[in-house]
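Following: one structure in structure tokens, then a few remarks.
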Amino acid sequence: VNTARETLVDEAALDAALGSGHLAGAALDVVHASTRAGRHPLLRHENVVIHLTSVATPARLSSEEPR
Amino acid sequence: MLRTHSASIPHRLGGARARLIILAVGDGYMAARYLRDAFRGLETDNDVQYFDVDTNRRFHPLSASECKLGEYQGSPTEVAEHMGGVEVLVVHGAPVTEAVLAASPDLRLVGCARGGPVNVDVDAVNARGLPLVTTPGKNAEAVADQTVAFLVMLARGFPKAQRFIERGGQMIDNYAGAMFIGSDLRGHTLGSS
């Protein structure tokens, strides 16, 4: 369960740990800003829930124009 | 709702305390109307101004001060445009850069209504000798709620059950629900053991 900052989680490692069954599940309030549109890759696991309460992800708060 | 550290603002020398010009800046996450709820009591003796940043207004971080900010909403130029005569600036996620601070020579206090002032160039605030107040633990109860909700959802298999239903899955009978029962939290270890 991560209700803190997305930088605390290595999402690739989390993805692998969920895939191997080492982790039973994961719940994330913050995720790394994705450059890709569409369904978040971690949601391919049955036991993952994502909620985006946090203001933390740069993609949501930053007003930077895409270069 | 806002809990701030007490900060003493030095009174002007001589005479009664004059009205302070306070600017409260809202954003898409915390609208100015919430700041207004918190500051209404100040309006009798001070000139309190409110505005919400235009969340569509964009800019490229160019100056060193702008590049320091990790996360913000709105444009520092827009905040600076409202800074004339401002003595107390309060933001939530709006950017506070060197240019914003420079826009009011009368500025005496900066407040950031969040735990970590990541949208504030803290070095620039310090360099001007201005006090910076924040609201540590502002969202502590909300985060605790969210954490408990996540624990229960995972233990009880909420995501699995929801995926099943979203896919149009059907139960043969009530007993088929056993696959989603999950486990009780009682008896489990919270944290690492």
Side-chain angles (χ1 to χ4, degrees), chain A, chain B residues 27-30 53-62 66-67 69-78 92-95 114-116 118-119 138-140 142-164 166-167 179-180 182-183 188 190-191:
Chain A
V1 172
N2 182 17
T3 48
R5 291 278 177 166
E6 72 282 11
T7 46
L8 297 176
V9 173
D10 177 341
E11 285 178 8
L14 176 62
D15 187 62
L18 288 164
S20 71
H22 181 73
L23 275 183
L28 308 169
D29 195 29
V30 282
V31 292
H32 289 272
S34 176
T35 51
R36 286 173 301 177
R39 194 172 169 84
H40 194 282
L42 282 172
L43 288 177
R44 71 187 176 86
H45 303 287
E46 291 279 289
N47 42 1
V48 168
V49 58
I50 299 178
H51 184 298
L52 296 174
T53 304
S54 176
V55 78
T57 51
R60 300 192 65 218
L61 192 63
S62 168
S63 296
E64 285 179 76
E65 272 183 333
R67 288 173 197 257
Chain B
D27 54 63
Y29 205 82
M30 185 186 287
V53 292
D54 178 354
T55 56
N56 294 316
R57 191 157 163 179
R58 298 166 187 278
F59 78 106
H60 288 309
L62 291 175
E66 289 170 0
C67 291
L69 308 188
E71 174 188 309
Y72 46 81
Q73 191 175 50
S75 148
T77 307
E78 184 184 15
H92 170 256
R114 56 196 303 189
V118 292
N119 48 305
K138 174 196 73 171
N139 58 352
V143 175
D145 287 352
Q146 187 93 342
T147 304
V148 171
F150 277 158
L151 291 173
V152 175
M153 288 171 81
L154 289 184
R156 288 296 176 188
F158 274 48
K160 284 182 186 173
Q162 182 142 5
R163 303 273 209 290
F164 178 80
E166 282 174 349
R167 282 196 301 265
M179 63 180 141
F180 301 123
S183 57
H188 284 78
L190 178 60

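First the proteins, then the strands, lettered A, B, ... as listed; each starts at 1.
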(message) Between B/Glu166 and A/Arg39 (salt bridge meaning N to carboxylate O under 4.0 Å), is one present in this structure?
(response) no

(request) With a 4.5 angstrom heavy-atom cut-off, could you sort out which part of A/Ala26 is near chain B: side chain, backbone, both or neither? (result) backbone

(request) Side chain from CB out, backbone as N, CA, C, O: work out which of these in A/Val1 comes under 4.5 Å of a heavy atom of chain B, or both, or neither. (result) side chain

(message) For B/Pro159 versus A/Val48, what's the shortest heavy-atom pair and its separation?
(response) CB-O, 3.6 Å

(request) Specify the closest pair of heavy atoms between B/Phe150 and A/Asn2, including all atoms of both residues, with the distance to one decimal. (result) CE1-O, 4.4 Å

(message) Can you tell me which portion of A/Leu28 sits under 4.5 Å from chain B's heavy atoms? Options are side chain, backbone, both or neither.
(response) backbone

(message) My understanding is that only residues two or more places apart in sequence, or in another chain, count here; which of them pass salt bridge (Lys or Arg N to Asp or Glu O under 4.0 Å) with A/Glu46?
(response) B/Arg167

(request) Determine whether more than 12 heavy atoms belonging to other residues, nucleotides or ligands lie under 6.0 Å from atom CG of A/Leu8. (result) yes

(request) Indicate the atoms forming the closest heavy-atom contact of A/His45 with B/Arg163, along with that distance. (result) O-NH2, 2.7 Å

(request) Hey, could you give me the CD/OG1 distance between B/Gln146 and A/Thr3, rounded to the nearest 0.5 Å? (result) 7.5 Å

